S.K.: 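Here it is, the structure, as C-alpha cells.
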Amino acid sequence: MKIFVVNAGSSSLKYQLIDMENEQVLAKGLCERIGVTGAISHKAADGRTYSAETPMPTHSEAFEAVVFALTKSDAKVIDSFDEVSAIGHRIVQGGAIFKGSCLITEDALNKIDELGALAPLHNPAHVLAIKACIKTFGTEKPQVAVFDTSFHQTMPEHVYMFALPYEYYEKYGVRKYGAHGTSHHFVSDRCAVLENKDKKDLKIITCHLGNGCSITAVKDGLCYDTSMGFTPLDGFMMGTRTGTLDPSALTFIAEKENLTPADINRICNKESGVYGISGVSNDNRDVAAAAAQGNHRAQLSIDMQRYQILKFVGSYIAAMNGVDAIVFTGGIGENDGELRKYVCENLSYLGVKIDDEKNAVRGEEIRISTDDSKVNVYIIPTNEELAIARDTLAIISK
Ligand code: AMP
C-alpha cells in the first residue's frame with residue numbers, strides 16, 4: 001500500500017510517496033513559489049531527478065505537477081496515482097478540538113479552517129492544499145489530517161494554562177498547545193523500543209532541535225509538558241525566533257519604536273533568535289564558523305541557545321521527578337555533538353555520562369551515553385513523514 005504525504009505551506013508543498021509494505025520512501029519533492037510562478041524539484045529513491053518551472057497559480061496545479069513527476073517524468077515511480085491508497089496531511093494546529101489524527105470530512109475541514117485564527121501562517125494554507133487535493137484526486141481518495149498539536153493534548157490543565165485573566169482562555173482559547181508533536185511522539189516511541197521497556201514505565205525528554213526547536217517531557221508515553229506554547233514562538237531561542245522572554249520588553253520596544261502587533265510578530269518570529277543575536281545567519285553551521293573566527297556575537301548566540309536548552313531539560317527533569325532517557329533529534333540535535341556534550345556535562349550531577357566517540361556520530365540512531373551512565377542519551381533521527389504515513393494507514397484501516 002502506498003501513502004502520499006503532504007506538508008503544505010501557503011506558497012510551497014513538500015511531499016513524499018511512501019510504500020508501507022517496507023516503509024521505504026519511493027520519491028520525494030518540493031513545489032515552490034505557488035501563487036507566484038511555480039517550480040517543482042522531484043527525486044526518486046534510486047537517485048533519478050526531475051525538475052521543472054511550470055505555472056502554479058494555485059495548489060491544484062502544484063498537485064498536477066506532482067502527479068506528472070510521479071507517473072510520467074523521467075523520475076517516475078508509479079504508473080498511475082490510482083496506486084496511491086490515501087493522502088496524509090501535516091496540519092500545524094489542531095487546537096483543543098483534535099486529540100488525534102482523523103479522516104478529513106467536510107466537518108473536519110471546516111474545523112481546521114476555523115483554527116486558522118490560532119495558526120494564521122499555516123492552517124489556511126493546509127485548507128487550500130486539502131481543497132486542491134479534493135479537486136485533483138476526487139473525494140474517493142481518503143485524506144487524513146495528522147496534527148502537530150495532538151500529541152500534546154495530554155498536558156494537564158495546570159501545565160497548559162497561561163497565568164493571564166481566565167477570560168482570554170474562555171473567549172479565545174489562549175493556552176499552550178505545543179508543536180512538533182509528530183516528531184516528539186515518533187522519537188519517544190522509538191526511544192522506548194531502544195530501551196526495551198514499555199513506554200508507560202519511562203520518563204523521556206525529547207529535544208527536537210532544528211530551525212524550529214522544542215523540548216518535550218514525555219511521561220508514561222504521554223506528553224506532560226512541552227516548550228512551545230500558544231504558537232511555535234515560545235520556548236527557547238531558535239534560528240530566527242525569540243523563544244520565551246519578558247513580554248514587557250516587547251511593550252517597551254513597541255512604544256519606543258511605534259510598532260504594531262504585526263511588527264512585533266515579524267521581529268519575534270523572523271528577525272530574532274540565533275540570527276538576531278549573531279547578525280550572521282539563522283543556520284548554526286554558519287554561526288559556529290563565524291564564532292571560530294572570533295566573532296563575539298556569533299559565540300554569544302551559541303552560548304545563549306545552549307544555556308536555554310539546558311535549562312529546559314533541567315526543568316523537565318524536575319517536572320517529571322526524574323528522567324530515564326534524553327533524546328536529541330532535528331538538524332541540530334542530530335549533528336551538533338558539542339551542544340549534546342554541553343547539555344550532558346551539565347547534567348553530570350545526575351550521573352549522565354556520554355561516550356565522546358559515540359557522540360561524534362552524526363545523523364544516525366545511536367546511544368551516546370556510556371554503559372555506566374544513570375540516564376541513557378540517544379540520537380534518534382526524526383521522521384515526521386513516516387509518522388504521518390503510519391497514522392494515515394492506521395486511520396484508513398479502521
Ligand atoms: P532542520 O530544521 O531539522 O532541518 O534543521 C536545520 C538546522 O540544523 C540548520 O539550520 C542548522 O542550523 C542545523 N544543522 C544541520 N547540520 C548541522 C551540523 N552539522 N552542525 C550544527 N548544526 C547543524
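Just so it is clear, the values below take in all heavy atoms, side chains as well, and ignore hydrogens, waters and symmetry mates. Note that ligands are numbered from 1 as they come in the structure, with each ligand's atoms numbered from 1 the same way. The residues of the chain are indexed from 1 along the displayed sequence. This one's a predicted model, so the numbers in the text were calculated from it and none came from an experiment.
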S.K.: Out of Leu339, Asn211, Asn335, Asp283, who is nearest to atom 11 (C) of ligand 1 when you count heavy atoms only?
M.R.: Asp283

S.K.: What I want to check is whether the side chains of Ser214 and His184 have a donor and an acceptor closer together than 3.5 Å.
M.R.: yes

S.K.: Give the atoms of ligand 1, by number and element, whose distance to some non-hydrogen atom of Asn284 is under 4.0 Å.
M.R.: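 Counting from 1, the qualifying ligand atoms are 11 (C), 12 (O), 22 (N).
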
S.K.: Just jot down the ligand 1 atoms closer than 4.0 angstrom to any heavy atom of Gly210, in number order.
M.R.: 1 (P), 2 (O), 3 (O), 5 (O)

S.K.: For atom 13 (C) of ligand 1, find the nearest protein heavy atom and state the residue, atom name and distance (0.1 Å precision).
M.R.: Ile332 CG1, 3.4 Å

S.K.: Compute both the distance and the angle, then confirm whether Arg175 meets the cation-pi test with Tyr160: under 6.0 Å from the six-membered ring centre, within 45 degrees of the axis.
M.R.: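 Satisfied, under 6.0 Å and within 45°.
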
S.K.: Closest by any non-hydrogen atom to atom 19 (N) of ligand 1: pick that one out of Gln305, Glu338, His180, Arg362.
M.R.: Arg362

S.K.: Taking atom 3 (O) of ligand 1 as the point of reference, which of Ser281, Gly331, Ser183 owns the nearest heavy atom?
M.R.: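 The residue whose heavy atom sits nearest atom 3 (O) of ligand 1 is Gly331.
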
S.K.: Within the supplied structure, the quantity of interest is the number of heavy atoms (other residues, nucleotides, ligands) at a distance under 6.0 Å from Met1 CE; does it exceed 12?
M.R.: no

S.K.: Donor-acceptor pair, Lys28 side chain versus Tyr15 backbone, under 3.5 Å?
M.R.: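 Checked: no pair found.
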
S.K.: Taking the six-membered ring where the residue is Trp, are the ring centres of Phe4 and Phe81 under 6.0 Å apart?
M.R.: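 Yes, the ring centres sit under 6.0 Å apart.
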
